[in-house]
Structures are given as C-alpha cells and as structure tokens.
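In what follows, chains are A, B, ... by sequence order, proteins preceding strands, each numbered from 1.
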Amino acid sequence: MRVNIGESSNPETMPPSMLVSAAYDGASKKALLKFYDPKSKGLYLWWDETGHKPYCYSKLSPEELGHLESRSDILDISRVEKHSLADDCTMAVSKITAGDPLAIGGKPYGSDTERSVRDIIETWESDIKYYETYLYDRRIVVGRYYKAQAGELEPVDIEISDEVSLALKSLLWDKVDSGSMVDEEGFRKCISDWADLLNQPIPEIKRLSVDIEVESVEGRLPDSKIADNTVTAIGLAGTDGFGRVLVLRTPGTPEGANELGPDIKVEFYEPDCEAQMIRDAFEIMESYPFILTYNGDDFDLPYLHNRAMRLGIKNEDSPLHMLKDSATLKRGIHIDLYKTMSNRSFQIYAFGQKYTDFSLNSVSVALLGKQKIDYGLKFDEMSLYQTANYCYHDALLTYELTSFGDGILMNLLVTISRIGRMPIDDIARLGVSQWIRSLLYYEHRVRNCLIPRRDDLAKRTKEVTADAVIKDKKYRGGLVVEPQSGVHFDVVVMDFASLYPSIIKVRNLSYETVRCPHPECRKNSIPQTKHWSCSKRNGITSMIIGSLRDLRVNYYKSLSRKETLTEVQRQQYTAVSQALKVILNASYGVMGADIFPLYFLPAAEATTAIGRHTILETIKKCKDAGVDVLYGDTDSLFVKSPTAEQVQYMIDEAKKDHGVDLEIDKEYRYCVLSNRKKNYLGVSKSGKVDVKGLTGKKSHTPPFIRKLFADILEVLAGVQSPEEFEQAKDVVSKMIQECGKKIENLEIPLDEMAFSMMLSKAPSEYTKTQPQHIRAARQLDGIRELKRGDRISFVKTIGKPGVRPLETARKGEIDTTKYAEFLESTIEQVTSTMDMDFDVILKKPKQAGLDQFFWG
DNA sequence: GCGGACTGCTTACCT
DNA sequence: ACAGGTAAGCAGTCCGCG
C-alpha cells in the first residue's frame, strides 16, 4: 500500500502503542508505520528514520550488473552472503538497492533504463511489498507494542500480570516433545517467543463503520469510478454507541417519520449541499483510527472519494487514498469486512460455516440474528427518514459484525496479524496463503536465508511430477474408510490432534527438506512415495508450523480448560486458539496450492501420504486389539464400544510409532452410518445430534424439507436404546406421510419449497451445460441482476423449463412429483439404514403415472 | 426416434 | 486464489435397435 502524506516529523514521545499497519509513503519515499494507542484511542504515525531502502537480490556479480549503475534510481550494488536452504549452502549474491520501490518492481513498461529491475534481469525477493520488507528487516512485528522516547522507537512488552500465565509457561516447557529435532533448544525458544507475543493484551479498538446510499438510475448499478450519481445518505456507526446519518434532501421526496432512536442524529442537507455532506462525513471519519465497511474497497469508499473529487473537493482534503484493488485511508486503517467474511478460512473455521453466502444480510442473520431493513419499497419510493434508517442500519450491522461475541472478529484479526507479521487491514483483505507467505518470508529474513524463486522450487520437482495422478487432481489426499452401514450403539470417535501439522513437524517436512540434496538422507523415505526427508537440518516450515501446533495442542488447549481465567483472558485465549486453528488448518494446503510462492508438491504429497500411512497403521492396531473400526475419514476413526484399556493402547501406539496425538473426540450413544462416505448422524450422550453431509441439512434443500428433517432428528435424539427405536420409527413414519400429503395438496408456502443455490460464476459464463439454477436465473433477466456469488431461489415446475425463480412462481405449476421424489431420497438417507421401509408409502412405482395412486 | 448407460458439469459438503 | 475425497442431481452424448 502506498500513500502520499509527505514528510512529517515523528513524535518525540509515544506511549506504549500497538503497531497495527504499515504503508509506503510515496511523498517522503519512506516506510510509514501506524501505531494505535489504547489509552487515547488514537493513532501515531511513524516514518522510517534509519534510511532503510528498497532492494532485491541478483545472482549476477556487481560487474555483470554494471549496466544498472548508471540508473539514477539505483543507489547501490553490493556483494552479500545469504543462505540457500534448498541447496544447504551459503552463497554470495548481489544486493541491488534502489531509491524507490518502483525501481525494483511495478513498472514493467518503458526502456531498459526505465523498467523495474525485476523486469530486466532475474531477481530474488523482488515481489515483496516495500513496507513488508521494511517490517521484516527491522524485525518490527504487527500487533506488538512500541513506545518512543527522545525520538527513539523501541519495543515494549506489556506486563502479563497474572501468575496463571507463568505457571502455564512451565507447563509448556515440560510438554515440548522434541521428537527428532536437531535443535531442540531453538525450538523451545521459538515456542516461548510465540507465547509472549500472543499473550500481549488486545486493546479495545475505536472504530467507525460507514455505509452510503447512492441515487440509482433504473436497473443500472452506480459506477464507483465515474461517481456521477448523487450520494443520498451516509450512515455512520461507531464505538460507544455513536450513530449518525447524513441525508441529502431530494426535491419531491417526503421527509416521513423518524424511526431512529434519540441517540442517532439525523442531519439533513439541502440538495445543493452534497459536497458539504461529504466533507462532514470525512471529518467524522478522520476522528476514528479504524474505518469499517462492507464492500468499501469496491464501492463505498471509491465512490465517496471520486464523488468528492467530482464535486470539487481537493484530493488533500479527502482522507481517502485509492489503490488498484483496495481503498485505504491516508492516516487511518480501512477494513473491508466483505472481503473478511468471504474468506473461506474465516467462514469455515472461525464461524463454523454458519453463513453460506457473503451478503451483509445473510452474514448478519447468521452471526447476529438480525436482518437488513426491508420496507418493501424501491429506493426512490422511500421517505428521507426511511432512507436514513435503512442506511444507518446497514452501518450498524457492519459495526456489529466486529462487536458480537465479545469482539471475536477484531481479536482474531489482531492475533492473525501477529502470527502473519502482516498489517491488520491486509489480514482482513487477503487470503490465508498470503498470511502464511508473510510469516515464512519474515522467518527467512530472520535467518538471513534467500527466499527461493518459484522456478527454483519447480526445478526440484520436475523429475517426479509425471507420476500417475488422480483425475483433475495433483496428488492423492486423505484416506476415507468404507463405512459399516447400520445403527451402532456406543461409538467412540477418536482423532489425531492437528494431524497434518503434526506430520509436518515430526517428519520434518518443508520445501527444502523433502528431497533434500544430501545422499545420506535418501534412506529416510516417505511411504508410498518416491520422496525422502532430511535428517540433518530442521526444515523452516516444519519448525514454524510445528511450534504453532505445539502451542495450540499443548498450551492453549489446556489454557482454555482452566477455570480460574478472567473474562478478558478467556476472550484472548479463544481468539488465539481459533487463529492458530485457522492457520494450522491451511498450512498443509498452501504447500499444494500453485498460487503460493513456496509451492512445493512433494511436501504436500508427503504430508497426505504419511497421513494415510498413519491412519492405516492405527486401524491395523485396532484390529490386533480386537477393536471394530466402523468408519474413518482422514484423521478420525469411529470405533465400536472400546474399553478404556483399548483406547489407551491405541493412543500409546500412535504416539510411539508415529509421534502423533490420538485423542477421544466424541462419544456417541449411537451413530447411524449408511454405505455412503462423509454421510452420518451421531447422537452424543448429552443428546446433541451431529449431522454430517446429509442432504436434509444442506443449504440448497428447500426449507420445508430441512424443517421436517430437523423434526425427525429431534425424535431420534431422544432415543436411548434399540428398543425405543421401534417407537421412534412409527412417529417418524407419520411425520413423513404428513409431509407427503402437504406436498400433494399444495399446502406448503412457495418460499418454503424453494431450492437455493449459489452461482459460482456469472450466468453468461455457463457455456458447457445449462443447469437448473442457471435456467432459473436467466428467467430473471431484466428483473434482478445476478452476479457471481449470488444465490438464486427457484422451485421445480411442470412443463418446459422445469424450474421457475421464486419471484415469479405460482403454486399451480409446482411439480409435486419432483418434490415427492426429492423428499423421499432426502429422508431415505437416514431411514434406509434404520430399517424403516418407506418405499411403500412414498416411492412411486415406475409403471404408475398418476399422483393419486401414489399417495393413496 | 427413443431410452438406458454413461460421462461430465455443478454445487455442497467432510476432513 | 489453501488441499483432496465424496454425494447427488442433472445435462448432454453415445449406442443399440429390424
């Protein structure tokens, strides 16, 4: 991120403040750090005072690089020593130092003396943003506290005042198991450094959310680049209950009645005062260190900025600074929550897949239990106060996404930025592969290791990629055990704690250790592959992922069980634990993702291969011990009525043979397995029901079927013994029959009958086939514009297209047969394995064609 | 010309 | 712009058939 503020002098003193973001200030050509002071709730800006400059490396000698010397933007070329992890050697490289980051990269056009160095010669470390390089080189960590005294910046650790923390540190000390570590001491140090950083207090963050409404011309979305439509309202919601709406009067629009509470101030502007309204909004925004939006990178902020320019506001009077694909603040920090909520890692691991699409409404419903305001009116039909209420409400929802659940989202962002060594706004905007990239780059710099180029790594994988591959996949993944179909009572689910990270640690897997250059390591082979791993050096990813794993498994898991925690500590440990989970879950995946700069297939392949080997060997051990394995998926085993001794035996053997921690995850009173993998139902001893993979729970299934399914589960949850099952079956049969009748009699409201599906691309991009949900979407042409990522609701109808969007559907055209079939197949997933034969009731005999015979 | 078998596309889920 | 493994429904195609 590049801003243009220009040189300002750094503060003489700064109270302990947390580093939250960084940027490159093009005007002063310096790195710019942004610190947050928890006391004043304001920001301190700090420009580099060390003379640090952008640079990259080349393997050419300074003589061979002589042609660069003449460039005015190249300041220096010198010889330095760097370690190459992949070659396990030290080498001399040329460090090319420049006056401006654009001299290193980002200017691919022009003559050889104008283009960036990385576009002229082969370079290393030239694709790192300058402010990142700056942070790494100075070992400045986002999320740490710093203070300034007499103009000197220095880190301060906030005292962790509780004795619990110290006591648990000794716990951590004992629990570190070195395994085959070459440098055990270093590993311990590494973990305790992490704990020190992650236990630093997370401050209360002062923030303001912003949402705008823009006058729109019939059917055309306002363009944030052109910004030629009037901004009609600006909603603002901030910490400490701050709420304000700025509303532009438009001729002919009634004022209406104020529905907003007394604390929410509504300010009206005359039609010709739009510029003043925007100026006032800017002024409020500038008084907050953090600005939140929902899709503000793509819409709200660029629109505001460009509209301001169009209305004659000067660039220097706008607090905003637009970049290619993000909107930033010159002084503050902008967090676009739309990007955050769309991040699969947050969606799945932090929020347990509670929402399935990323609209503000869906996310709010799932996480806050609140909806957007719906007056059932078009924007141009709303009164001024209605617009105000609507606009403020959106801002409020956006704000509340960061405040619900004790502010877990802000805490997560801070914690992940500590781990990734990355500005908080980047954490909120970028994907997990970028977080892990940043973390690993930092560690390379700490160790003075040259970061490899993609083709350095690609060269080492060339000879092994041609192997037999799975269709559409690059390598084989986890093992899924064929389930033993039936109802099983007393089932224990065991799983390996963080299996893949454990494997990465124990088997020393990293891009430089898998297929390392040492001939003597080749005997350390990886089962089922042609790979081996190093026995001489600890791999860098193995060290880092391994210590994060140990931190989570040995430290934060026990911490969260402590009962003497204060509320603040509990919140902090929850955030750390979740953040570690998110990063660990992705750590193996990125090694096999070709967008990841340290992409190295053999390492990913080795991880899953050892995973399969581990679970297979454990199953063998079960058989030896007389334990029946009913099912298993990747890192879990469902075992039937094991004794405590048998469980302990398995745990001990897994640790002894594979160095992994097998644990009891769940104990089911009973468990319904079908012959399908990744499909089951388990009832815990507490009566809690786990449903996995069954259609009755999937988000595209019509609500009335999902409800019936939930009702059935409730009945099943009460079943204590095989005998009670028989009664439950009767109850369930009746429920299903009733539902069948309702379908036939068209007694179900249309919206309950709608299938709902996500469009993974724009409707026009479906060229190979035309799936049902797309046929429905096309019928909405001119009524509602559908984009990629939107969901479409449709019902199944008789006649030609077979589907109709919910908006235009009528009950009379519902295809009851299709619904009966879908109901039958959905319910059958549970009932078939429970020996409930519903065929008699529901299934339509092939030869019969009429509904009335079928339901009779 | 039609229907079953088959493949491929698409979405949603599990770990 | 983390991975692979699996289920399900449907679209489209191929093949056989007096």
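- Checked against the 6.0 Å centroid criterion, the rings of A:Phe600 and A:Tyr511 do not qualify as a close aromatic pair.
- Atom pair A:Arg344:CZ and C:dA3:P shows a separation of 10 Å (rounding to whole Å applied).
- Atom-to-atom, CZ of A:Arg612 to P of C:dG4 comes out at 12 Å; the value is rounded to the nearest Å.
- Closest contact between the side chain of A:Ser699 and the listed nucleotides B:dA12, C:dG9, C:dC2 involves B:dA12.
- Side-chain proximity of A:Lys768 to B:dA12, C:dA7, B:dC9: nearest is B:dC9.
- A straight line from NE2 of A:His773 to C1' of C:dA11 spans 12 Å, rounded to a whole angstrom.
- Taking atom CD1 of A:Ile774 as the reference point, atom C1' of C:dG9 lies 14 Å away to the nearest angstrom.
- Atoms CD1 (A:Ile348) and C1' (C:dG4) sit 13 Å apart, rounded to a whole Å.
- Following rounding to the nearest Å, A:Phe822 (CZ) and C:dC10 (C1') show an atom-to-atom distance of 12 Å.
- Rounded to whole Å, the distance from CZ on A:Arg676 to C1' on C:dG5 is 16 Å.
- In the set C:dA7, C:dA8, B:dT15, C:dA7 carries the atom at the smallest distance from any side-chain atom of A:Lys677.
- Between A:Met757 and A:Tyr349, the residue whose closest nucleotide on DNA chain B is further toward the 5' end is A:Met757.
- Distance alone, capped at 3.5 Å, places no donor-acceptor pair between the A:Tyr588 side chain and the A:Thr607 backbone.
- Which of B:dC9, B:dT11, B:dA12 sits closest to the side chain of A:Lys698 comes down to B:dA12.
- A:Lys621 and A:Asp657 are joined by a salt bridge, as a carboxylate oxygen and a charged side-chain nitrogen come within less than 4.0 angstrom of each other.
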